[in-house]
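Reminder, nothing fancy here: chain letters follow the sequence lines and each chain counts from 1.
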Amino acid sequence: MEAGAASRDLMDKNTYQMQFTNDLSQLGLNKTYLCYEVELLDSNSWVPLDDCRGFLRNQPGLHAELCLLDLVPSWHLDPTKRYRFTWFLSWSPCPDCAQKVVAFLERNSHISLHIFAARIYDYRERYEKGLRSLQGAGAQVAIMTSTEFKHCWRTFVNNKGCLFVSWNRLNMNSQNLKMRLQSILENGNN
DNA sequence: ATTTTCAAT
């Protein structure tokens, strides 16, 4: 068995394909999934922590990012060491969650955060400000490309040995979203 | 002009 894949739960592949699409014409994407990884800085290299890898989805009344923050204490990370969290989100954080994640990062200066979002959650007012505040707190915010979709497929999905298969316009959608995000992040402070 | 998103019917 592959190292680290031992007793870890994997996401159903249909769920992954459905939920992590970046095709904005898809309807009914009313849940958010979050795949997460943690790495520890050891000398000069980042070492993946297999026990701190997995996925979750939002619970009623609790957005996925906050579910993740609730999980962090159970990992018993050493505050004298440096960690990097990487999140792959099907929807980017809403402004409220962004604020809470910013506060988390401020309280935990030994943790840095990279966020990749499949889609931009622009339903809520001032979502742009939330994304900018994350960036302002030192988080890297980016759009998932085929590289990340493939990585998640290999890492978090019960792929039954199948290779990742791209969907129509994956790259085009990703590029469009990337340009939108870039414009949001570059666009002032309001 | 169109329409949706961490549900609600």
Using a 4.5 Å side-chain heavy-atom cut-off and chaining through intermediate ILVMFWY residues, the residues clustered with A/Trp91 come out as A/Leu29, A/Tyr121, A/Tyr123
Polar atoms only, N or O, under 3.5 Å: list the protein pairs with nucleotides 7-9 of chain B and their distances.
unit_1, atom_1, unit_2, atom_2, d
B/dA7, OP2, A/Asn58, ND2, 3.4
B/dA7, N7, A/Asn30, ND2, 2.7
B/dA7, N6, A/Asn30, ND2, 3.3
B/dA7, N1, A/Asn30, OD1, 3.4

What integer distance in Å separates [X]:[atom1] from [N]:[atom2]?
X        : N     : atom1 : atom2 : value
A/Arg126 : B/dT5 : CZ    : P     : 23 Å
A/Gln19  : B/dT4 : CD    : P     : 17 Å
A/Leu177 : B/dT4 : CG    : P     : 18 Å
A/Met18  : B/dC6 : CE    : C1'   : 17 Å
A/Tyr127 : B/dC6 : OH    : P     : 15 Å
A/Leu24  : B/dT4 : CG    : P     : 13 Å

Determine the contact category for A/Leu27: base if any of its heavy atoms lies under 4.0 Å from a base atom, sugar-phosphate if only primed atoms, P, OP1 or OP2 are that close, otherwise nothing.
sugar-phosphate
Output a table of donor-acceptor pairs, distance under 3.5 Å, between side-chain atoms of residues 54-63 of chain A and any protein atom two or more places apart or on a different chain; print 'none' if there are none.
unit_1, atom_1, unit_2, atom_2, d
A/Asn58, OD1, A/Thr32, N, 2.9
A/Gln59, NE2, A/Arg57, O, 3.2

Which residues pass the side chain to side chain contact (heavy atoms under 4.5 Å, CB included) test with A/Asp23, sequence neighbours left out?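 In terms of side chain to side chain contact (heavy atoms under 4.5 Å, CB included), with neighbours along the sequence ignored, A/Asp23 is linked to A/Thr21, A/Ser25, A/Gln26, A/Arg169, A/Asn173.
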Sorted by chain and residue number, the side chain to side chain contact (heavy atoms under 4.5 Å, CB included) partners of A/Ala117 (sequence neighbours excluded) come out as A/Ser92
Review point. With a 3.5 Å cut-off and no angle check, do the side chains of A/His114 and A/Glu39 form a donor-acceptor pair?
Key: no
In numerical order, the residues of residues 89-106 of chain A whose heavy atoms come under 4.0 Å of DNA chain B are A/Trp91, A/Ser92, A/Pro93, A/Cys94
Can you check whether A/Phe104's main-chain N or O pairs, donor with acceptor, with A/Asn108's side chain at less than 3.5 Å? yes
Are OP1 or OP2 of B/dC6 and a side-chain N or O of A/Tyr121 less than 4.0 angstrom apart? yes
Exercise. Count the heavy atoms belonging to other residues, nucleotides or ligands that lie under 6.0 Å from CG of A/Asp12, then report whether that count exceeds 12.
Key: yes
